[in-house]
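Taking it in order: structure first as structure tokens, then the write-up.
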Amino acid sequence: MHSTPHRTAQEWVRPLTGETVPGGLRLFFFPYAGAGASAYRNWGAGLPEGTEGFAVQLPGREDRFHERPVPGLDDLLDALTPGLLPLLDRPFAFFGHSMGAIVCWELCRRLRLTHGLEPVRVFVSGCRALHLHRSRTPAEADLSDEGLIEELRVLGATPEELLRNPEFTAFLLPTFRADLSLFAGYSYRPGPPLSCPVSVFGGTRDPRVAEEHLHGWAALTDGPARVEMFPGGHLFLLQERERMLRSIGWALSGDGF
């Protein structure tokens, strides 16, 4: 069993908005595989007025690089749940892309089971509905360094010159490998659906997640679910941030369902 030392709420999140909003909604962003909180550093300015934004910083990333990445989801939730709990004393929402969608959805299930808490809305992006998730075979999951670099090429977010830099890849690959292990080893365990509304975002050219996989999220909540497609591949959020933030604002404002 991998254990992660208890961390305070401030160690788990990085603020995206400047001022504290008394009583305002808190929106937490969960990173995709290989990414840290800085992936969302430019998202705070586009959030609706009265919303505080926080990017979740997982062990092994950026300013937590000295900590071991957590390769198992249950172990990660064991550490993350008490870490975020002090910040969930007011209305909150979650956004997760790809691996981040799995983490935030399973955190929702954990929070409801253990603390009776549920977000006002969940935004899941670039991820199949969890009961449609395809676990990789051991051979697929146990990639060589070259295989991991090729996986990064497919995702398309890392410049080629960095992928050819041994110092950069030596720094990045252990975390990316741990994330892929978490993602590949995940198996959905059936349980009661959530009750909150869900916004589902996808890329029109995502080679891994088709639109039909996104509509499956409706089966995992008793609340309404809406799918919205954006131009781009698996990491479409890097180019479509402004449009996605408008959709997030619309959903949180109460103008939508």
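The model shown is predicted, which means the values in this text are computed figures rather than measured ones.
- Taking OH of Tyr188 as the reference point, atom CZ of Arg109 lies at 4.0 Å (rounded to 0.5 Å).
- For the atom pair Leu88 CG and Leu84 CG, the distance stands at 6.0 Å (nearest 0.5 Å).
- Remark: the backbone N or O of Cys108 is not paired with any side-chain donor or acceptor of Glu118 at under 3.5 angstrom.
- No side-chain heavy atom of Leu58 sits under 4.5 Å from any side-chain heavy atom of Arg64.
- A side-chain donor-acceptor contact under 3.5 Å links Thr221 to the backbone of Leu194.
- Side-chain contact check for Leu87 versus Arg26: some heavy-atom pair is nearer than 4.5 Å.
- No donor-acceptor pair under 3.5 Å is formed between the side chain of Arg208 and the backbone N or O of Cys127.
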Inset, instruction - Please test Phe201 against Ile248 for side-chain contact (heavy atoms from CB on, under 4.5 Å), starting from the C-alpha separation and ending with a verdict. - result: CA-CA 10 Å; Phe201 300 146; Ile248 290 171; 4.1 Å; yes

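- Heavy-atom minimum distance, Leu252 versus Ala93: CD2-CB, 4.3 Å.
- For Trp43 and Phe95, the gap between ring centers is short of 6.0 Å.
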Inset, instruction - Please report the C-alpha distance between Glu228 and Arg226 in whole Å, then the side-chain angles of each, then the deciding distance to 0.1 Å, and finally whether the salt bridge (Lys or Arg N to Asp or Glu O under 4.0 Å) criterion is met. - result: CA-CA 7 Å; Glu228 185 173 359; Arg226 179 176 184 266; 3.3 Å; yes

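- Without hydrogens or angle criteria, Thr81 side chain to Asp78 main chain gives no donor-acceptor distance under 3.5 Å.
- Between Phe28 and Phe54, the ring planes lie parallel to each other; the angle is under 30°, not in the 30° to 60° tilted range.
- With hydrogens and angles disregarded, a donor-acceptor distance shorter than 3.5 Å links the side chain of His213 to the backbone of Ala210.
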Legend entry - Stepwise side-chain contact (heavy atoms from CB on, under 4.5 Å) check, His97 with Phe30: CA-CA 7 Å; His97 183 82; Phe30 292 76; over 6 Å; no

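- Counting heavy atoms from C-beta outward, Phe123 and Phe29 have side chains that stay 4.5 Å or more apart.
- Counting only distance, with no hydrogens or angles, the side chain of Arg110 and the backbone of Leu107 share no donor-acceptor pair below 3.5 Å.
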Inset, instruction - Decide side-chain contact (heavy atoms from CB on, under 4.5 Å) for Glu211 and Thr204; before the verdict, give the C-alpha distance in whole Å, the side-chain angles of both, and the deciding distance to 0.1 Å. - result: CA-CA 8 Å; Glu211 185 173 353; Thr204 56; over 6 Å; no

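- Counting only N and O atoms by type, the side chains of Thr17 and Glu52 include no donor and acceptor under 3.5 Å apart.
- The line from CD of Glu242 to OG of Ser247 is 12.0 Å long, rounded to the nearest 0.5 Å.
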Legend entry - Audit row: Phe92, Leu25, side-chain contact (heavy atoms from CB on, under 4.5 Å) steps and yes/no: CA-CA 5 Å; Phe92 65 93; Leu25 182 139; 5.7 Å; no

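- Looking at Glu106, its side chain never comes within 3.5 Å of a backbone N or O of Leu77 through a donor-acceptor pair.
- Using a 4.5 Å cut-off on side-chain heavy atoms (C-beta onward), Pro59 and Trp12 make contact.
- Put simply, CG on Asp206 and CG on Leu235 are 8.5 Å apart, with the number rounded to the nearest 0.5 Å.
- Side-chain N or O atoms of Ser98 include none that pairs as donor or acceptor with a backbone N or O of Tyr32 at under 3.5 Å.
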Inset, instruction - Carefully, step by step, assess Glu67 and Arg61 under the rule salt bridge (Lys or Arg N to Asp or Glu O under 4.0 Å). - result: CA-CA 8 Å; Glu67 300 177 47; Arg61 278 76 168 176; over 6 Å; no

